[in-house]
Amino acid sequence: MVSRIKVVNDVGELVSIFHAADSDVKRRLLLDLSTSWITMPVIEQKYGLEGKRSLLYLDKIKLIESQWMTGDKGPEKAYHTYYTSVQINLLGTMSELADIIYATTLSEEKLLSYEEKIIGMITDNEGVFLGDVAEALDVSQALLRGIVKRSNVLQIKGYKITHVNDVI
C-alpha cells in the first residue's frame, strides 16, 4: 500500500480538514473509506443520503480517490481515501485564525445564508471574484475562504468562487 501524506499549509484549509469528520456519519464513512474500497450503493445503504452528501464533500476537498470495480451488477465506481496521513504545517495571523475558527464553527443555518448570498452573486459559469464577494458581504477574505471551503456547493478556482460541478 502506498503511503500518501496530505500536507496542509494554508490556514483556510483547516476548515476542510475539520469538517471532513464533523458528524458521526462523516466520521464513520471516513474511517470505512480509509480501510477499504466502497461503492456508492453500499454507502447509500449504510449511511443514507447524508453518506452520499458526505462522500461528495470528501471528493470536493480531494480526500478520496475512485476506481472501477466489478460487482454483482457489473462495473461500479468505488471510493477510498487518497491519503494515509495528514501533516499540518502552517503560519497565520491571529485575525486569520479567528476567522477560520469562526468559519469552522458556523451554524448550518448561517452557512446556508452565506451560500445563498454568494450563489446570488454568481451570474454566469465563470464565477465571481473573491474580493467582490468579501466586500459585498463585509467579511475578510480569510473568513470567506473558510466559508467556501466548508460549503458543499461552492469552490474556489483561482481568484473566483464557482459552483461545484462535479457530481459523483
Side-chain angles (χ1 to χ4, degrees), residues 6-34 37-67 76-83 86 88 90 96 99-134 136-137 139-168:
K6 168 76 171 164
V7 178
V8 177
N9 55 18
D10 173 33
V11 71
E13 220 174 326
L14 283 177
V15 175
S16 301
I17 297 298
F18 290 146
H19 279 279
D22 66 346
S23 72
D24 187 50
V25 167
K26 281 183 180 177
R27 184 185 67 79
R28 290 185 295 129
L29 176 62
L30 189 60
L31 290 172
D32 280 352
L33 290 168
S34 70
W37 288 89
I38 305 173
T39 63
M40 183 59 79
V42 171
I43 291 168
E44 286 180 311
Q45 176 188 3
K46 191 170 181 180
Y47 300 107
L49 182 59
E50 188 180 347
K52 184 175 180 178
R53 286 186 180 139
S54 299
L55 186 74
L56 290 170
Y57 183 73
L58 293 172
D59 186 51
K60 175 199 164 197
I61 64 172
K62 310 285 189 249
L63 284 184
I64 59 173
E65 63 181 324
S66 62
Q67 74 177 17
E76 292 181 306
K77 204 171 192 180
Y79 305 91
H80 185 268
T81 54
Y82 185 76
Y83 300 100
V86 175
I88 299 174
L90 53 91
E96 287 175 324
D99 284 341
I100 294 308
I101 291 170
Y102 180 70
T104 302
T105 59
L106 274 177
S107 69
E108 287 297 317
E109 294 79 23
K110 189 73 174 166
L111 177 65
L112 289 173
S113 173
Y114 276 121
E115 285 176 339
E116 288 172 7
K117 290 174 185 173
I118 296 167
I119 289 168
M121 293 178 208
I122 299 173
T123 56
D124 56 26
N125 290 337
E126 298 297 314
V128 61
F129 282 105
L130 276 162
D132 294 343
V133 175
L137 296 178
V139 298
S140 71
Q141 286 199 20
L143 176 54
L144 180 59
R145 286 180 180 274
I147 291 166
V148 174
K149 292 276 188 185
R150 184 162 162 207
S151 173
N152 287 333
V153 296
L154 299 170
Q155 64 186 354
I156 297 172
K157 286 190 173 180
Y159 294 102
K160 289 187 175 184
I161 300 173
T162 64
H163 286 282
V164 172
N165 295 325
D166 300 330
V167 178
I168 292 178

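All residue numbers refer to positions in the sequence shown, counting from 1.
- Expressed to the nearest 0.5 Å, how far CD1 of Ile88 lies from CD of Glu13 amounts to 9.5 Å.
- Within a 6.0 Å radius of CZ in Arg28, more than 12 heavy atoms belonging to other residues, nucleotides or ligands are found.
- Between Ser66 atom OG and Glu76 atom CD the span is 13.0 Å, to the nearest 0.5 Å.
- Contact of the Val164 side chain with the Leu56 side chain is not registered, since no non-hydrogen atoms from C-beta on lie closer than 4.5 Å.
- Between the CE atom of Met40 and the OH atom of Tyr79 there is a distance of 4.5 Å, given to the nearest 0.5 Å.
- Annotation for Val25 and Ser54: closest pair CG1-OG, 4.2 Å, computed over non-hydrogen atoms.
- Proximity of Glu65 to Trp37: side-chain heavy atoms (C-beta onward) are separated by under 4.5 Å at one or more points.
- Separation of atoms CD1 (Ile101) and CG (Leu14) is listed at 9.0 Å; rounding is to 0.5 Å.
- What you find for Val15 and Gly146 is that their closest heavy atoms are CG1-O, 3.3 Å.
- Tested against Tyr114 for a side-chain contact (heavy atoms from CB on, under 4.5 Å), the candidates Ile119, Val133, Val139 yield a single pass: Val139.
- Separating the CG atom in Leu111 from the CD atom in Glu116 is a distance of 10.0 Å, to the nearest 0.5 Å.
- Side-chain contact check for Ile118 versus Leu137: some heavy-atom pair is nearer than 4.5 Å.
- Under a 4.0 Å N-O distance rule, the pair Glu115/Arg150 does not qualify as a salt bridge.
- No side-chain heavy atom of Val42 sits less than 4.5 Å from a side-chain heavy atom of Asp32.
- Judged purely by atom type and a 3.5 angstrom limit, Thr104 uses its side chain to pair as donor or acceptor with the backbone of Ile100.
- Within the 4.5 Å cutoff, no side-chain heavy atoms of Val128 are placed close to those of Thr123.
- Looking only at distances, a side-chain donor or acceptor of Gln155 sits under 3.5 Å from a matching main-chain atom of His163.
- Taking each heavy atom of Leu30 and Ala21 in turn, the nearest pair found is CD2-CB, 4.2 Å.
- Counting non-hydrogen atoms of other residues, nucleotides and ligands closer than 6.0 Å to CD of Gln67 gives a total above 12.
- The two residues His19 and Ala103 make their nearest non-hydrogen contact at NE2-O, 4.5 Å.
- Taking each heavy atom of Ala142 and Asp99 in turn, the nearest pair found is CB-OD2, 4.0 Å.
- When all heavy atoms of His80 and Leu33 are compared, the pair lying nearest together is CD2-O, 3.1 Å.
- Note that the NZ atom of Lys62 and the OG atom of Ser16 stand 11.0 Å from one another [nearest 0.5 Å].
- Ion pairing of Arg145 with Asp10 is absent here, as no side-chain N (NZ or NE/NH1/NH2) approaches a carboxylate O to less than 4.0 Å.
- Of the candidates Leu63, Thr81, Leu29, Ile64, Thr81 is the only one forming a side-chain contact (heavy atoms from CB on, under 4.5 Å) with Ser34.
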